[in-house]
Amino acid sequence: ELILGSGVIVHNSGFIVTNYHVIRDAEEILVLLYDGRDALARVIGIDSETDLAVLKIELDNLTAIAPAKTDKLRVGDPALAIGNPYGFGQSVSAGIISATGRYGLNLTTYENFIQTDAAINIGSSGGALINHNGELVGINTAIYSQTGSSQGIGLAIPVDIVSKVMMDIIRYGQVVRGWLGLEVTQLNANIAARLGIRLTNGVFITSTYREGPAESAGLIPGDVIISIDGKRIDTGQEGLLEVANIAPGKVISVEIVRNNQTYVLPVTVG
C-alpha cells in the first residue's frame, strides 16, 4: 500500500522531519524533492509522544528551511501550509494563525498545537507551516473535521517542539525529557475555596510518585504549584511541557502555596 505524506528538510546534510504517523510501519520511504530528484530515506528516530520522526537522505546541494521564532508568533499572522494534498504534488495554501497553545485534543502526549485556517488535507501531514518570511513555524499534523476534508481547522506542532525532538533524536537516538513524578489538576474556584486560598492561577497536586523527584524534594498532595523556574504555570499541560524541556539532573525552583504560605523548593528533575 502506498502512503503519501510530506516532510521538511531541516538540515543541509539531509535530515528531514515528518510526522511519525506518515512513516509508521513503512517498509520503504521514498523522498521526492522539489527539484525533481528522489532518494530512499532511512529512519533516524521517532517520537510517538509528539507524532514526529526524523529521516535522512544522502543527497548533495540540499536547502534547509530556517526556523521561525515562536515567541514572535501572533494570532492573525499570515501562514502558508506546504504539502502534498491527495498526492497532487507540492502545493501551498494560505491562511492565518487562528490560535496558539491548543491542547487537550488527545492527539499526542505533549500538545501545544498551532491552529491555522490554511487548508491542510490528506497527504499534507508532515509538511511545513511557514510565515511570510518563509521560516518554519510548525509541522502540519492534523485537521479537525467532521467530513475528513479541510474545514479551516488545521493543527501544527510548533517549531520549538520540533527542534527539541529533532536535536535529541540526532544526538541521543531518542527524546530525553524531564520528569517530576506527580499528578496535577488545574486549580479552580472550588479547590481554592476548599484550601482557603485566593489564587486564580496554578495547578493542584493530587498525588506524587513514591520516591520520585517531587516527593524527594518535599512536594506533597494538596500543594499548589504556581511557577516552575520563574515561569508562571496556569495549567497542567503548561507544567508538563515546561518540565519536559528541562534536562534530567538539573535543579529547578518550584514555587508552591501550602497552608496559605508561599514556599520555593529546589527540585532535581528526573
Side-chain angles (χ1 to χ4, degrees), residues 4-10 17-22 47-53 65-166 186 200-201 203 231-242 244-245:
L4 297 171
S6 305
V8 182
I9 299 172
V10 290
V17 170
T18 185
N19 283 132
Y20 169 54
H21 78 256
V22 169
D47 181 47
S48 59
E49 306 277 20
T50 53
D51 191 20
L52 290 170
I65 195 167
K69 294 181 179 177
T70 50
D71 59 344
K72 305 289 186 186
L73 197 63
R74 297 289 182 269
V75 172
D77 285 350
L80 300 172
I82 304 175
N84 181 26
Y86 299 106
F88 267 47
Q90 190 176 81
S91 300
V92 180
S93 57
I96 61 168
I97 301 297
S98 304
T100 58
R102 289 283 190 232
Y103 68 94
L105 305 174
N106 296 319
L107 296 173
T108 57
T109 302
Y110 296 92
E111 294 186 335
N112 187 29
F113 292 111
I114 298 166
Q115 182 184 325
T116 180
D117 65 351
I120 298 171
N121 287 289
I122 294 170
S124 293
S125 286
L129 186 70
I130 66 172
N131 61 20
H132 64 289
N133 290 322
E135 298 165 329
L136 183 66
V137 169
I139 297 292
N140 301 321
T141 296
I143 57 173
Y144 185 85
S145 172
Q146 295 177 328
T147 64
S149 59
S150 177
Q151 292 187 325
I153 303 178
L155 300 166
I157 302 167
V159 69
D160 51 348
I161 291 180
V162 174
S163 296
K164 154 78 175 167
V165 168
M166 177 190 72
Q186 189 167 346
T200 56
N201 77 291
V203 290
K231 182 174 180 182
R232 173 174 157 152
I233 301 298
D234 289 322
T235 67
Q237 184 68 17
E238 280 182 344
L240 184 69
L241 288 168
E242 186 68 21
N245 287 327

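Everything numeric here is computed off the predicted structure, so don't read it as measured data.
- The distance from atom NE2 of H21 to atom OG1 of T108, rounded to the nearest 0.5 Å, is 11.5 Å.
- The heavy-atom pair separating N140 from A81 by the smallest distance is ND2-CB, 3.6 Å.
- Take E242 and apply the side chain to side chain donor-acceptor pair (under 3.5 Å) test, not counting sequence neighbours, and it matches K231.
- The two residues V162 and L52 make their nearest non-hydrogen contact at CA-CD1, 3.9 Å.
- Atom CG in D160 sits 11.0 Å away from atom CD1 in I157 (nearest 0.5 Å).
- Summarising the geometry of V203 relative to G236, their closest heavy-atom pair is CG1-N, 3.4 Å, with the distance given to 0.1 Å.
- Two residues are said to be in side-chain contact when any heavy atoms from C-beta on lie closer than 4.5 Å; L241 and Q237 meet this criterion.
- Residues meeting the side chain to side chain donor-acceptor pair (under 3.5 Å) test with T141, sequence neighbours left out: N19.
- Under the 4.5 Å side-chain criterion, counting only non-hydrogen atoms from C-beta, F88 is not in contact with N121.
- In this structure, the side chains of V159 and V137 stay at 4.5 Å or more apart for every pair of heavy atoms.
- S125 places no side-chain N or O within 3.5 Å of a backbone atom of A142 that could act as its donor or acceptor partner.
- Across every non-hydrogen atom of G87 and L4, the tightest pair is CA-CD1, 3.4 Å.
- Within the structure, the side-chain hydrogen bond (donor to acceptor under 3.5 Å, both in side chains) test picks out the following pairs touching residues 89-102 (sequence neighbours left out): R102-Q115.
- Between I97 and L129, the closest side-chain pair of non-hydrogen atoms falls below 4.5 Å.
- The minimum heavy-atom distance linking A128 with I65 is given by the pair CB-CD1, 4.5 Å.
- Atom CG of L155 is separated from atom CG of L107 by 6.5 Å, given to the nearest 0.5 angstrom.
- Of all heavy-atom pairs spanning I233 and N201, the tightest one is O-ND2, 3.7 Å.
- Rounding to the nearest 0.5 angstrom, the gap separating the CG atom in D51 from the OG1 atom in T18 is 8.5 Å.
- Atom NZ of K72 is separated from atom CG of D77 by 12.0 Å, given to the nearest 0.5 angstrom.
- With rounding to the nearest 0.5 angstrom, the OG1 atom of T235 is 9.0 Å from the CG atom of L240.
- A heavy-atom distance below 4.5 Å is not found between the side chains of Y110 and D47.
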